[in-house]
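To keep things clear, I will list the structure first and then write my remarks on it.
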Protein chains: 2
Amino acid sequence: MVTLNAAELLAALGHESRLAVFRLLVEAGPEGMNPGVIGEKLEMAPATLSFHLAHLSRVGLIRGQKESRFIRYCADYGTIDELVAFLTKNCCGGEACLAKSAGSGTAAKRRIRKITS
Amino acid sequence: MVTLNAAELLAALGHESRLAVFRLLVEAGPEGMNPGVIGEKLEMAPATLSFHLAHLSRVGLIRGQKESRFIRYCADYGTIDELVAFLTKNCCGGEACLAKSAGSGTAAKRRIRKITS
DNA sequence: ACAATACTTCTATAATATTCGAAATATGGT
DNA sequence: ACCATATTTCGAATATTATAGAAGTATTGT
């Protein structure tokens with residue numbers, strides 16, 4: 001994943017409403033959820049919600065599939081997995097993270113153990 | 001971590017320049033780096049860089065410490081670790097992620113294996 | 001004391017994102 | 001065919017964020 005792409009994904013999730021929508025869809029699992037239900041749960045105006053759903057779709061974090069009159073939106077787990085992998089590999093310095101990204105070959109390995117103040 | 005806070009962190013990293021700055025500081029390790037060097041590497045105007053450093057500082061992703069005429073900025077690994085943990089627990093449905101967050105008790109566990117089309 | 005360096009804060013401007021009413025589109029029910 | 005429902009797109013107002021020159025604050029060297 002390129003940095004540009006990662007920034008796009010991060011920005012998409014970096015908004016309270018969109019993060020809430022995405023979390024709801026992750027929670028909903030493969031069943032997904034319609035805008036109607038989402039809007040009711042999160043108390044968002046249809047047009048506003050549609051705008052955010054379009055944004056999340058555009059960057060690939062969710063996917064919508066028309067089913068008769070409804071649209072079933074589902075979280076795209078592959079994309080969020082990639083984002084987490086990117087953060088772990090490139091941005092993370094934690095013990096857990098270092099273990100996973102071992103061998104990524106960056107100077108981050110120089111990191112000394114943080115003292116929990 | 002609350003969602004509000006997570007959204008703030010994601011938004012902070014959701015900008016190409018700030019993500020680049022943060023990655024550079026992670027890469028730099030505990031040694032950190034001065035704005036002068038960062039600005040040179042990333043070709044950013046001092047005022048612009050200062051603005052982004054302030055933003056990253058405000059949300060706790062980096063920390064600056066004055067040293068004579070310079071300021072040493074360092075990545076705060078604890079914060080990014082928390083963010084990755086949040087994503088893994090609340091937003092992630094991947095195999096790797098599920099393994100780590102096992103027992104978080106959300107409906108995400110219902111997820112079926114994605115078919116790689 | 002003065003000049004140079006390292007950075008920040010101030011200020012204005014430009015660019016982008018967010019919100020949501022209203023109109024449009026599509027589908028299903030009667 | 002017509003009405004209701006689900007959702008999107010349009011459009012316009014508002015709010016937020018980004019950019020960077022210029023001025024300000026420290027600090028070091030001479």
Side-chain angles (χ1 to χ4, degrees), chain A residues 3-25 28 31-76, chain B residues 3-25 28 31-76:
Chain A
T3 312
L4 174 75
N5 195 15
E8 253 179 21
L9 295 181
L10 289 162
L13 291 176
H15 184 278
E16 254 201 289
S17 303
R18 277 192 302 267
L19 184 56
V21 168
F22 183 71
R23 291 229 292 155
L24 204 57
L25 289 177
E31 293 247 329
M33 207 178 269
N34 317 126
V37 180
I38 299 170
E40 206 176 304
K41 290 212 183 219
L42 302 181
E43 296 183 60
M44 294 174 85
T48 306
L49 176 57
S50 197
F51 168 82
H52 289 307
L53 286 169
H55 190 160
L56 288 168
S57 271
R58 188 164 40 72
V59 302
L61 280 163
I62 66 175
R63 232 175 313 182
Q65 168 181 18
K66 199 159 191 186
E67 271 174 24
S68 87
R69 220 176 344 178
F70 304 86
I71 301 180
R72 181 194 299 274
Y73 278 101
C74 296
D76 188 323
Chain B
T3 312
L4 174 75
N5 195 12
E8 254 179 21
L9 295 180
L10 289 162
L13 292 176
H15 185 277
E16 257 200 286
S17 303
R18 276 191 304 265
L19 184 55
V21 168
F22 183 71
R23 292 229 292 156
L24 204 56
L25 288 177
E31 293 247 328
M33 207 178 269
N34 318 123
V37 179
I38 298 171
E40 206 175 305
K41 292 213 182 215
L42 301 180
E43 298 182 60
M44 294 173 86
T48 305
L49 175 57
S50 198
F51 168 82
H52 289 306
L53 287 170
H55 189 161
L56 288 168
S57 271
R58 186 163 42 73
V59 302
L61 280 163
I62 66 174
R63 234 174 312 182
Q65 167 181 18
K66 199 159 191 188
E67 272 174 24
S68 88
R69 224 180 337 182
F70 304 85
I71 301 180
R72 180 195 301 271
Y73 278 101
C74 295
D76 187 323

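Below, chain A is the first sequence line, B the second, and so on; all start at residue 1.
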When we call it a touch if two heavy atoms are under 4.0 Å apart, what does [X] touch: a base, just sugar-phosphate, or nothing?
{"X": "R72(A)", "value": "nothing"}
{"X": "S68(B)", "value": "sugar-phosphate"}
{"X": "P46(B)", "value": "base"}

Taking only N and O in the side chain of [X], is any of them less than 4.0 Å away from OP1 or OP2 of [N]?
{"X": "Y73(A)", "N": "dT8(D)", "result": "yes"}
{"X": "R18(B)", "N": "dA18(D)", "result": "yes"}
{"X": "H52(B)", "N": "dT19(D)", "result": "yes"}

From [atom1] of [X] over to [atom2] of [N], roughly how many Å is that when rounded to an integer?
{"X": "K66(B)", "N": "dT28(D)", "atom1": "NZ", "atom2": "P", "value": "9 Å"}
{"X": "F70(B)", "N": "dT28(D)", "atom1": "CZ", "atom2": "P", "value": "9 Å"}
{"X": "I38(A)", "N": "dA6(D)", "atom1": "CD1", "atom2": "P", "value": "14 Å"}
{"X": "L53(A)", "N": "dT9(D)", "atom1": "CG", "atom2": "C1'", "value": "14 Å"}
{"X": "R58(A)", "N": "dT18(C)", "atom1": "CZ", "atom2": "C1'", "value": "13 Å"}
{"X": "M44(B)", "N": "dT8(C)", "atom1": "CE", "atom2": "C1'", "value": "15 Å"}
{"X": "H15(A)", "N": "dT16(C)", "atom1": "NE2", "atom2": "C1'", "value": "13 Å"}
{"X": "L49(B)", "N": "dA20(D)", "atom1": "CG", "atom2": "P", "value": "11 Å"}

Would you mind reporting whether [Y] and [X] have side-chain heavy atoms less than 4.5 Å apart?
{"X": "V37(B)", "Y": "L24(B)", "result": "no"}
{"X": "V21(A)", "Y": "M44(A)", "result": "yes"}
{"X": "E16(A)", "Y": "L19(A)", "result": "no"}
{"X": "L53(A)", "Y": "P35(A)", "result": "yes"}

Return yes when atom CD of E67(A) has more than 12 non-hydrogen atoms of other residues, nucleotides or ligands closer than 6.0 Å, and no otherwise.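 Yes.
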Out of [options], whichever nucleotide has its closest atom nearest the side chain of [X]:
{"X": "H55(B)", "options": "dT8(C), dA18(D), dT19(C)", "value": "dA18(D)"}
{"X": "I71(A)", "options": "dT8(D), dA4(D), dT9(C)", "value": "dT8(D)"}
{"X": "F51(B)", "options": "dA20(D), dC7(C), dT19(D)", "value": "dT19(D)"}
{"X": "T48(A)", "options": "dC20(C), dT8(C), dC7(C)", "value": "dC20(C)"}
{"X": "P35(B)", "options": "dA4(D), dT28(D), dC7(C)", "value": "dC7(C)"}
{"X": "A45(B)", "options": "dT8(C), dT28(D), dA20(D)", "value": "dA20(D)"}
{"X": "A47(A)", "options": "dT9(C), dT19(C), dA22(C)", "value": "dA22(C)"}

Quick one: closest heavy-atom pair of G64(A) and S57(A), and the distance? N-OG, 4.5 Å
If you assign E67(B) and G14(B) each to the DNA chain D nucleotide with the nearest heavy atom, which residue ends up on the more 5' nucleotide? G14(B)
